[in-house]
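Below, chain A is the first sequence line, B the second, and so on; all start at residue 1.
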Amino acid sequence: MKDVLIKGKDLSAFCHNLQDSFIVYGVREKEEGHFIFDEIDEFSDSLEKYKPTILPPKKYLFPQQETLLRFDTEPHLEIKSVVESKKQVLFGVRPCDIHGIGLLDKIFTSDNEDSNYLRKRADTLIIGMDCMEPCYEHAHCASVGCLDIDDGYDIMMTDIGGVFFTTVKTPQGEEIVKKYVEYTIAGEEESERFLKLRSDRKGRFDNKIETEVSNLPLFFKNADNDPVWKELDERCLGCGRCNIVCPTCYCFDVYDCMDLTMTSGERCREWDACTLKDFAAVSTGENFRSTRGLRLRHRFNRKFNYLMTKYNTSFCVGCGRCTRSCPVNIDVIETVNAVINNHNNNHERE
Amino acid sequence: MHDFHADIEHITRVEGHGNIVIDVKGGKIRTLRMDIVESPRFFEAMALGRTYSEVAHITSRICGICAVTHTTTSIKAIESALDFNPSVQTIKLRKLLLNAEFIQSHILHLYFLAAPDFFGTGSVFGMVGDNKEDVLRGMRLKTLANELCALVGGRHIHPITLKIGCFSKNPEPRELSDFKKRIEDSRDEMDETVKFFKNLKIPEFERETEYISLTQPDEYALYDGKIKSSDSGEEIETSDYLDRVREFMVTHSTAKHAKSKRDSYMVGALARFNNNYDQLHPKAKESAMEMGLRHPCYNPYMNNIAQVVETVHCFEESICLIDDLISAGLKDEKREIGPKKGRGVGATEAPRGTLYHEHKLDETGKVTYANYIIPTAQNLANIENDLLSIVPTLLNKQKEEIIVDIEMLVRAYDPCISCATHLMKVEFVNE
Amino acid sequence: MKENNSLFLPEIAEVVSTRQLTEMERYIELKIKDTREFNFNPGQFLQLSVFGIGEAPISISSSPFNRETIGLCVRRVGDVTSALHKLEVGACLGVRGPLGNGFPVEKMKNKDIVFVAGGLGIAPLRSLIQYVIERRDDFARITILYGAKNPGEILFADELECWKQRKDIEVLVTVDKPDENWAGKSGVITRLIPHLDLEPSRTYAVVVGPPVMYKYVLLELQIKQIPEDNIIMSLERRMKCGVGKCGHCQINGIYVCLDGPEFSYHTLKFLSEAI
Amino acid sequence: MSKPRVAFFSFSSCEGCQLVVLTLEEQLLELVTLIDIASFREAMSEKSDDYDIAFVEGSITRTSEIERLRTIRERAKIVIALGACATIGGINCLKNQFEMEEVQNIVYGKMAEKFDTIPTRPIEAVIKVDHWIHGCPIDKDEFIEVTKALLLDKKPRIPAHPVCVECQMRENVCLFEKGMVCLGPVTRAGCKAICPTYNDGCVGCRGLIEDPNLSSHKNLLNEHGLTVDEAISQYMLFGGNSKEKYE
Ligand SMILES: Cc1cc2nc3c(=O)[nH]c(=O)nc-3n(C[C@H](O)[C@H](O)[C@H](O)COP(=O)(O)OP(=O)(O)OC[C@H]3O[C@@H](n4cnc5c(N)ncnc54)[C@H](O)[C@@H]3O)c2cc1C
Ligand code: SF4
Ligand code: SF4
Ligand code: SF4
């Protein structure tokens, strides 16, 4: 489908109409200046410039708690897998979060397919909303190559001044545009305006990382003994917030929960966090990452080295949530730059 | 039974630990005492030196059942020390929360602690067999009240949102209106409750005493009011509470002199009913009528029935409060208030009677003095006097039956002994 | 999507026999209910479920040539393992697997093999040993070193004895703390290595034991100049899913469940958190 | 499996935790099909000294309580500390900041000596405890979790991580971001972050996590305007029993 134009004032109706066939999740201001994704029935354009939500929209694909199995132990053992999913639309997702979902797609499809995630993913339509300027001080999407995006959404809307220039990426996207909103085909003039705005924005998103992002695995490979981990060890509270708010963290715990009848129950998974103390503790008493510094080092390596090496893309999408949420101001960019600088200084000395 | 001795240890189905000692020789009562064996907890000392904003955290832990009332009263005392008057919205939210606590506490007491006595069983678990529907009704009503507490206060036991001058978080108007609907839908269950308690056979016994409660001209006083005595009808300011309360405390003590004719008084549902009947919601009055509770009433066992009446009242009152809150719209009122040097007294009706907190603060807001007077402590002397007058009438019964009757009377007061322990002075009355 | 093929859905298996090996260890033999043939490589593991309690990764301890039943050796350390100890014959439990890759048996063919098992480490090794014995001609010299804390904790003592009887296998057993009836060797397992006569280029050392053991055994093997690629170790990590998702068993860039649980020392050397 | 016999006991406390058990309502009725309640004074008259599992609420604040608690330990196979008073001493520990005579005098004046009182301690300071249900008051789901775990003979799933995890999962705006203070980062979770959810700082009623980073947390409180003394005073509200840890 050709690019289309949707008027700002029609977005609310769009949201509303989508509810005929989907649950619509969009952004809501929970408290002044703090946003969350929640079920919405209209879109208010005051939210167009929202700062990243407290939790990323991954919670609708990989919820905080999720049932995997149901079982009966009496009269005899029976097990059923449980996959809960409903047709849903994520409305107004930012590029960083779309990238985040794209990375989860990789994680949950490669090696072994996770049907609990994939079924929800298949039932989800993503309506993106592009960013023309950094949404807040912690954003560093451009630095990790996650500002520009041309995949991972069904439609993407860009405000080109009162009207949204809309790229339709998938057949499902085309279907909802045709069915649920008033639109016109974008003309030459609008396309040009759109392209110009896109290229103009570049200057506003500066590169905060003091190297090419693709170099990062190299820096991190040699950073196991970097003094930064010692410093963070003293500062980090081990509270796990950076993990919980991150759009690309996906670790989980699995546990059984019996019903009160004690003859049936379910197996569930729940978000876990690699910065928590017993994440890597085993029954023999060892804890393979026993200090907060080591655990944080692991987390940073996952974003900029381990997973990045395996999948050839940064696993930090630049939303800045971890920096914002860290009570003791551990800043992802500062930390990455410290690793780079310490490395360079070491080399100079050598 | 002319000679009779009973040590009723750890009276059950009440909150806190109390024992009753009765010694009857030759048909005459030689000893009759309600000992409080609950450990004293020294709250007045615990609060000392703490910052005014923390006090409610501490006082709430005096009692898990009336945590809302303790928190409210504490905050009122602090606000009065700070010379701060909360907004209408805050007061209405507090009243709503208090109504919810009344419903929850009364229902708990009525269905779970008092009712088993009438069914000759030791606990609500024993009632499940023959009266499952009644038990479940009690549970549903209690859940309703608990959830209303949670909506307004965060949780029922040790509420979170009650703050000096405000609520840390307001309920959403939508949540309130949803809840209103639930209360309205539960009116039937309330009617059933009235029928249920109407059919229970309340023992006949009368002993007129002095009834003390808060009072207000234009509402059934729970949240605030002047202190009223049924004897004189006189109303005094809460800040002068010691004139009223001390007066009767000292009558128990051999060391001090009585200033009043009476040596005990009653607080609680029946006292409020007797003092403030006019202000009851019409529906509550109707239910009183239906259950045979006439105004005034001097049968302490009827305290249970007065509790049912109050529950009906609180149901209706909650609905009105929710309507008011929604129509006025809820504003965020969160703010810092104080510190400031001062003395303040707060008085609130707890489900089981009038509660007083007094605090003195220094200029940095640290507590320099605290005094808490708890309803059950005020009732203890009256319970003993009731027992003194009822025991002689029971002496023709078997010991076990006597004990049941005595425990029932104590339970009718809905005593919360763990709250009361800081007023241990009562223990020495009859020594 | 094949939902009933969910990654997390176990098959039902039945306990067909059990044997208490020591106070802490129990041998459990299972049969998958819908009797499909059960193929696996030595060194692979299962996720065992006791429903209501949870799931735990347990290595397969029986011979891969036995396709009928699966043998497991379970040490009682926590919830699931204790529940497994309580299962009686006929009880049902859940099984996912086989998971992981197992030992690189193909590469080991025609080589001398030294097994170094510490304590429970014999559990996964037993499967490999049985494989090697079954295919005895495919392998050159075979040496089994086994160390236990004390004589009472020796696992599969009868089998060790059988293997010892064979001319074509050398078996050395040592205990850290001997008692008065113990006639064998004493001292930690590392002390057995210096006495071995090894030809480094054609030797594979397969080491499985508690994490503390690895460091010292590696030192000895390095003295013997065994190539890093030929030292194979099996790692225990916390593991929730066993299928490369939950993140718990991650060591630097690798997942123990997906990439292991057996690794060559060459691989592990570069992983700062591995040993 | 024969039904285990369960008893509830209460020492110095507000009895709020037992009340939480009573608010289980219909779940409680389901529970009593799985267990026999041998004694639950707050709810029933029948009582028996024959029990397997003892839930003990309240802290130890008198010499006479020590003996009573030891008897409970002897009779029960499993003892569970119920609520902050029992698990960490709770609010009752506030009195430990004074000498005991002073405490007695403040409240009872001339009659002070009649009231035996000793420094408040959690029950663990007197007897061995098998499980802990934290919180002031306890969370009812945790009570159910522990009871079910006992029936299944497994460790209850009680979080070891700090409150922040649950708080973020609920998508609360962190109080520190609003200029308020909170003990969530050093306090054991399990309460579903109920206080921050209602816009009030965590006061630490569930006790410290294992290995808290107190020095960093203290700095954080300082940055938010609390003096060292004020910060310690915050920790002391519920943490009075382990004062040394905080200093
Ligand atoms: C690949 C692999 C193969 C294994 N093979 C065997 C075997 O053949 N025989 C055997 O007895 N054991 C084996 N283990 C170890 C076994 O998985 C653990 O002992 C078991 O998971 C403990 O579970 P539990 O429920 O009994 O203990 P829990 O009650 O869960 O835990 C006890 C302690 O162990 C830690 N722990 C929790 N979960 C795990 C986990 N998944 N893995 C390790 N520690 C954990 C906890 O921190 C806790 O302190 C193997 C482990 C792995 C990773
Ligand atoms: S690491 Fe931090 S900035 Fe990067 S994606 Fe995760 S939360 Fe966002
Ligand atoms: S822990 Fe709190 S709620 Fe529980 S008994 Fe103690 S004071 Fe009451
Ligand atoms: S409000 Fe408290 S518990 Fe919640 S995230 Fe912030 S510090 Fe942690």
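Residue A:R241 comes nearest to D:C164 through the heavy atom pair CG-CB, 3.7 Å, listed as atom of the first residue, atom of the second, then distance. Minimum interatomic distance between A:C236 and D:N213 (heavy atoms only, all atoms of both residues): O-ND2, 2.6 Å. Shortest non-hydrogen contact noted between D:E177 and A:S325 is OE2-CA, 4.0 Å. Across every non-hydrogen atom of A:G238 and D:P162, the tightest pair is O-CG, 3.7 Å.
For a residue to count as touching a neighbouring chain, one of its non-hydrogen atoms must lie under 4.5 Å from one of that chain's; by this rule A:L276 touches chain D with the side chain only. Of the atoms belonging to D:E171, heavy atoms from both backbone and side chain fall under 4.5 Å from chain A. Using a 4.5 Å cut-off between heavy atoms, A:R324 touches chain D through backbone and side chain atoms alike. Contacts between A:F37 and chain D at a heavy-atom distance below 4.5 Å involve the backbone alone (N, CA, C, O). When heavy atoms are compared at a cutoff of 4.5 Å, A:E32 does not approach chain D at all. With a 4.5 Å cut-off on non-hydrogen atoms, D:E145 does not touch chain A at all. For A:D233, the part lying near chain D is the backbone, with the side chain staying farther off; criterion is any non-hydrogen pair under 4.5 Å. Looking at A:D272, neither its backbone nor its side chain comes within 4.5 Å of chain D, counting heavy atoms on both sides. Proximity to chain A (any heavy atom under 4.5 Å) is shown, for D:N172, by both the backbone and the side chain.
Note that the CE atom of A:M262 and the CG atom of D:L151 stand 4.0 Å from one another [nearest 0.5 Å]. In this structure, D:D211 CG and A:R292 CZ are separated by 4.5 Å, a value rounded to the nearest 0.5 Å.
Around the NZ atom of A:K51, the shell of radius 6.0 Å holds no more than 12 heavy atoms that belong to other residues, nucleotides or ligands. The local environment of CD in D:E210 is sparse, with at most 12 non-hydrogen atoms from other residues, nucleotides or ligands closer than 6.0 Å.
Ranked by non-hydrogen atom pairs under 4.5 Å with chain A, the options D:H217, D:E30, D:H161 are led by D:E30. The most heavy-atom pairs under 4.5 Å with chain A, out of D:V173, D:V165, D:L220, come from D:V173.
Taking the side chain as every heavy atom from C-beta outward, A:L55 and D:M169 never approach each other to under 4.5 Å. Counting heavy atoms from C-beta on, the side chains of D:N219 and A:V328 never come closer than 4.5 Å.
Within the 3.5 Å criterion, the main-chain N or O of A:M258 finds a donor-acceptor partner in the side chain of D:K148. D:Q168 places no side-chain N or O within 3.5 Å of a backbone atom of A:I244 that could act as its donor or acceptor partner.
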